[in-house]
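Everything on this sheet refers to the single structure shown next.
Order of the sequence lines fixes the chain letters, A, B, ..., with proteins taken first and strands second; residue numbering starts at 1 for each chain. Keep in mind that the numbers below use all heavy atoms, side chains included, and drop hydrogens, waters and symmetry copies.
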2 protein chains.
Amino acid sequence: MNNIGNYSNILKHEGLKNTKHRNVILEVIENSEQPISAEQIFLKLKEKKNSISISSVYRILESLVSKGLITKSNITGDSKATYEFNRSEHKHHLICTGCKKMFTVDGCPLEEYEKRLKSTMDFDITGHKLEIFGLCKECKHINK
Amino acid sequence: MNNIGNYSNILKHEGLKNTKHRNVILEVIENSEQPISAEQIFLKLKEKKNSISISSVYRILESLVSKGLITKSNITGDSKATYEFNRSEHKHHLICTGCKKMFTVDGCPLEEYEKRLKSTMDFDITGHKLEIFGLCKECKHINK
DNA sequence: TTAGTTGCAAATCGTTTGCATCAAG
DNA sequence: CTTGATGCAAACGATTTGCAACTAA
């Protein structure tokens, strides 16, 4: 619950105009427990009586990604992209293949490994995507 | 260069009919150095004078994925899905954000980590996707 | 013979774009 | 005022689907 609806400093710092839509979208993404799709954002704004067109959602998301404020992924296996707030802490997600819920896990097991790769492969590593699949506490018992 | 065009045993074992198309597609995927898209497969078959419709390519890919013979990912960042042969060895890819080439690295740094997660999160892990981004030997000098 | 497989064209889905209008700086 | 932001509808690319013809088992 940070930045209650006020991201103007951040936006100004990135050279983006401070519009209501950008503020609300940043708020929605920052306060979302899970990575969220463009359509889900669009619907959230509708709930909040903040009418916006879906194309503007996409355009805003693109600009926020390009400024590094949020991150885009295509992880769920289906075709929709999802977006998440760029926090300093490094997190990954457990994705339940049963109920499709995502669970966040703190920390990242890859730091050492990446250092090793950097020297053995002569490859400058700038980032990674890691998603772990399985069955959550509840779904493992349902035995589908 | 395994299974030179003959995957009939594998297909029979999975309860899939042994058609020429399925054989050639499996061959193309198994012998591809990198994850390959549906369209690339379609074009490869054309080269090989094995005319097929793009919709059949998608249908075959879907059935091979569901049988666990190949794996589908949406990793490249753009919207196309890619497919790779399911080998027993576990491999990941370095993706160069400069030239978009992929480099395969053997081994996987996650086995221990997953065991730990399994106990701390009460989550049965069945798999994961890991892709590492950066700049390859050549592109890091270009300094874009 | 028959259930599974294919090609084709049309449909769908997520996303992007052109353009005229509008609003923030 | 000027540049960037928006809404709308149309365009787009990747993938899916309905249906009739076909073919492996």
Heavy atoms of chain B, cut-off under 4.0 Å: which first and last nucleotide of DNA chain D, 5' to 3', fall inside that, if you could look? D:dA14 to D:dA25
Return the polar atom pairs (N/O with N/O) between nucleotides 23-25 of chain C and the protein under 3.5 Å, or none.
from   : atom 1 : to      : atom 2 : distance (Å)
C:dA24 : N3     : A:Lys17 : NZ     : 3.4
C:dG25 : OP1    : A:Asn18 : N      : 3.4

With sequence neighbours left out, what residues match A:Thr19 under side chain to side chain donor-acceptor pair (under 3.5 Å)? none
To the nearest Å, how far apart are A:Tyr83 OH and C:dT15 C1'? 8 Å
B:Lys20 NZ to C:dG7 P, straight-line distance once rounded to whole Å: 13 Å
Could I get the full list of salt bridge (Lys or Arg N to Asp or Glu O under 4.0 Å) partners for A:Glu62, not counting sequence neighbours? none
By side chain to side chain donor-acceptor pair (under 3.5 Å) - contacts of A:Glu131 (at least two apart): none
Pairing donors with acceptors under 3.5 angstrom, does anything connect the side chains of A:His92 and A:His128? yes
Closer than 3.5 angstrom, by distance alone: can the side chain of A:Lys67 be matched with the main-chain N or O of A:Glu14 as a donor-acceptor pair? yes
Residues in residues 45-61 of chain B with a heavy atom under 4.0 Å of DNA chain D, by number, are B:Ser55, B:Tyr58, B:Arg59
With sequence neighbours excluded, what pairs up with B:Asn50 under the side chain to side chain donor-acceptor pair (under 3.5 Å) test? none
To the nearest angstrom, how far is B:Asn74 atom CG from C:dC13 atom P? 18 Å
For A:Leu64, is there any backbone N or O sitting under 3.5 Å from a side-chain donor or acceptor partner on A:Arg22? no
Mind listing the residues from residues 62-69 of chain B sitting with a heavy atom below 4.0 Å of DNA chain C? Number order is fine. none
Please examine the side chains of B:Ile70 and B:Leu26, heavy atoms only from C-beta on, and report whether any two atoms are closer than 4.5 Å. yes
Does A:Ser66 have any side chain to side chain donor-acceptor pair (under 3.5 Å) partners at least two apart in sequence or in another chain, and if so, which? none
Applying salt bridge (charged side-chain N to carboxylate O under 4.0 Å, His left out) as the test, list every pair that has at least one member in residues 112-122 of chain A; sequence neighbours left out. A:Asp122-B:Lys140
Using atom types as modelled, flag every donor-acceptor pair under 3.5 Å from a side chain in residues 51-61 of chain A to any protein atom, sequence neighbours excluded.
from    : atom 1 : to      : atom 2 : distance (Å)
A:Ser53 : OG     : A:Ser55 : OG     : 3.2
A:Ser53 : OG     : A:Ser56 : N      : 3.3
A:Ser53 : OG     : A:Ser56 : OG     : 3.1

Ring pair (Phe, Tyr, Trp, His ring centres under 6.0 Å) partners of A:Phe123, counting only residues at least two apart: B:Phe103
Donor-acceptor pair between A:His93 and A:Gln34 side chains, under 3.5 angstrom: no
